[in-house]
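Below is one structure; the comments refer to it alone.
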There are 2 protein chains.
Amino acid sequence: MVTIKQIAELCGVSRGTVDRVLNKRGNVKPEKEKLIVEMAKKLNYRPNPAGKALAARKKHPVVGVLIASEGVHFFDDMLTTMHHAAERFSSYGMEVIWRSMKGFDAAEQCRIIDELKDKISGLIINPVNDQQVIDKINECVDNGMFVVTINNDVESSRRHCYVGSDYLQGGRTAGALLKMICPTTLKAGVLLGSLNMLGHNQRLEGFQEVMHNHPDFTLLGVAETADDDLQAYEAARSLIADNPEINAIFVVSSGGYGAARAIQAVGREDITIVAFDTIPSTIDMMKKGLIKAALYQHPHQQGRRAMQLMFDYLVNGSLPEKNAYIMRNEIRILENVAD
Amino acid sequence: MVTIKQIAELCGVSRGTVDRVLNKRGNVKPEKEKLIVEMAKKLNYRPNPAGKALAARKKHPVVGVLIASEGVHFFDDMLTTMHHAAERFSSYGMEVIWRSMKGFDAAEQCRIIDELKDKISGLIINPVNDQQVIDKINECVDNGMFVVTINNDVESSRRHCYVGSDYLQGGRTAGALLKMICPTTLKAGVLLGSLNMLGHNQRLEGFQEVMHNHPDFTLLGVAETADDDLQAYEAARSLIADNPEINAIFVVSSGGYGAARAIQAVGREDITIVAFDTIPSTIDMMKKGLIKAALYQHPHQQGRRAMQLMFDYLVNGSLPEKNAYIMRNEIRILENVAD
DNA sequence: TTGTAAGCGTTATCAC
DNA sequence: GTGATAACGCTTACAA
């Protein structure tokens, strides 16, 4: 509750001087600086965000949001919440520019960043795992942009913060759940988006790790789906045809709907499907009893957090407390999946 | 992004007049009022929370928090988050007075409210289900206090908002989960805090509702524990002694630890326990494999939401969008329970 | 019934 | 180097 004004009075200087010290703008005599810093610490000075926000309005910060969301329904909830947050923040003078893309083309993503970069002071991005993109992100950071990666991290970049889910934990949780709800003998197939996606691999890793001490577990096969329900459908049909003994399918990313349609098509509703993300098509299949459980990686929280980090930095001038914000994987079954 | 100043200029009046209209303080000529209201609507005026917060500092709003939390570890996480939020909000000039109590004594709770009521302008309370308390809450509301009930609602009161979990859904989810992870034959005992607690009854109701279409389900008995682990221990031992065929225990509220110790003591680790709340003692028992799953009712979110509602009202002057904020019940197993 | 002015805490500009 | 001053949007007390 102590203010700059109070510190100024106590130190016998003006507010401007205190401000210069606290915001490290230099041009203050070292002895005064020391006095002010110590006084601020002693009184536990915390800047008032309301005052900061008000003063920040003159800056009109603009944020770019770039997500490879087209055709991937997982991002729908995340974007809904981000739009909601953007509207809330708009009254503080923060503006958002929205961009989307389809698929994981690094060159395309770099092109869009280039198009945005001189318009924005902050970027929220779902980055493609590619050196070209990493370089581009570093370039942005070097030019003073605040960068938050979301749902997929590129650790080797100098992005300020990452918001996403715990992929390894997701795989472990799915595996452990399957062990709980399946018969003792577990013969499972895995459908995953892409072996090039770090997160998908980590989920698979967690899954296998948990299965390691299972008395009778067989991994029948791993098929890629490109997060496409049609490909998932075909892959599931092949898995079943090639391995009639299959009794479980683990869908590592999108594609749960396709897998469910497949077991229905071949009359193998006895197969237990555990999938990721509670998108509408997955919920439909849960209602039909074809998908037993889905793991939820808090898309709303991810979106809200990313926008909040942007706001806190651009409007309130405060850096993230953590380098990464990792969401828990929740287990959803029919009874607790509905809104 | 339109401000009061702009509206004033466009309407050819002063900021004060616009403020009087927008905040319904009266004393404005009807024709001007109409003009201003229409202009504000047309320009989609949204007050800037930073400006409001800054001006509100002169009011020094004080919030009372009264939770029957003593001895109930469920509230630990909730209170941690509330303290954290209180610290954040303190820089906006909002202060919090903390009070706790043990057990559900209505007279005691009223006494504490009386002690608080002339010091505070907002109250967050975990109310005892009792007419005396309801009357007291209504009295507070009538005197202009903003009241949020948390974790337990007294619907017949005129509290402004409720924050809590979906008890019926919690029971249904626990039941469905038990069906998934238990053998076909399900012979279950239930331990619950108190039959006088509406929420506990609703959880039991949801549980039984789901069991209704189970091929072979028997409810062996329901015992009260007063949310005490020792009583839960004794109750579980009795249940097992009286019904050796028991293969599952559903712990509706606190007491999971006691139940787990009981099955351990009598060497009946084959019994599947599903409990509520991921408090440390429950997590311990999950690590030991004695509790298979726990339902999580988002204590952090509950605390955060309640504090935010207070802040939004007292500092920003905005009422809750909803009458009640209901949290989902999450399923936690060993693999996704840790921090 | 309406306008003016001061103040909330912070930042930025400008003059000394 | 430093201090005074205006500005951000809103509320409120007081003057007209």
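Chain letters run A, B, ... following the sequence lines, proteins first, then strands; residues in each count from 1.
Rounded to whole Å, the distance from CD on B:Glu33 to P on C:dT1 is 11 Å. In this structure, the CE atom of B:Met1 is 17 Å from the C1' atom of D:dC10, given to the nearest Å. Rounded to an integer number of Å, the gap from A:Glu9 CD to C:dT10 P is 13 Å. Whole-Å rounding puts the B:Leu22 CG to D:dT12 C1' distance at 15 Å. For the pair B:Leu314 CG and D:dT11 C1', the interatomic distance rounds to 16 Å; values are reported in whole Å. Rounded to whole angstrom, the span from the CG atom of A:Leu35 across to the P atom of D:dG1 amounts to 16 Å. Following rounding to the nearest Å, B:Arg46 (CZ) and D:dC8 (P) show an atom-to-atom distance of 22 Å. For the pair A:Asp19 CG and D:dG3 P, the interatomic distance rounds to 13 Å; values are reported in whole Å.
Checking D:dG9, C:dT1, C:dT11 against every side-chain atom of B:Asn27, the shortest atom distance belongs to C:dT1. Each of C:dT11, C:dT2, D:dT11 was ranked by its minimum atom distance to the side chain of B:Lys29; first place goes to C:dT2. Listed nucleotides D:dT5, D:dG9, C:dA12 differ in distance to A:Arg15; the shortest reach to its side chain belongs to D:dT5. Among the nucleotides C:dT1, C:dT10, C:dC8, the one closest to any side-chain atom of B:Arg57 is C:dC8. Candidate nucleotides C:dC8, C:dT11, D:dG9 were compared by shortest atom distance to the side chain of A:Lys52, and C:dT11 ranks first.
Using a 4.0 Å cut-off, some side-chain N or O of B:Lys5 falls inside it from OP1 or OP2 of D:dC8. Distances shown here put a side-chain N or O of A:Asn23 below 4.0 Å from the OP1 or OP2 atom of C:dT11.
For the pair A:Gly26 and A:Ala56, both in contact range of DNA chain D, the more 5′-proximal nearest nucleotide belongs to A:Gly26. Residue whose closest nucleotide on DNA chain C sits further toward the 5' end, between B:Ser91 and B:Thr17: B:Thr17.
The backbone N or O of A:Arg25 lies less than 3.5 Å from no partner atom in the side chain of A:Asn23, so there is not a single donor-acceptor pair. At least one donor-acceptor pair closer than 3.5 Å links the side chain of A:His83 to the backbone N or O of A:Leu79.
For the pair B:Arg20 and B:Glu33, the salt-bridge criterion is not met [side-chain N within less than 4.0 Å of a carboxylate O]. No salt bridge links A:Glu38 with A:Lys41; every basic N to acidic carboxylate O contact stays at or beyond 4.0 Å.
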### Query
So B:Asp166 and B:Arg328, salt bridge (Lys or Arg N to Asp or Glu O under 4.0 Å) or not? Walk me through it.
CA-CA 6 Å; B:Asp166 187 335; B:Arg328 193 186 301 265; over 6 Å; no

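Base engagement by A:Lys58 is indicated by at least one non-hydrogen atom pair under 4.0 Å involving a base atom. The residue A:Tyr45 sits close only to the backbone: its heavy atoms come under 4.0 Å of sugar-phosphate atoms, none of a base. Within the 4.0 angstrom heavy-atom criterion, only backbone atoms of the sugar-phosphate kind lie near B:Asn48; the bases stay farther away.
Between B:Tyr92 and B:Phe311, a ring centre-to-centre spacing shorter than 6.0 Å is recorded.
Contact of A:Arg20 with D:dG3 (side chain to base): a donor-acceptor pair of N or O atoms is detected under 3.5 Å.
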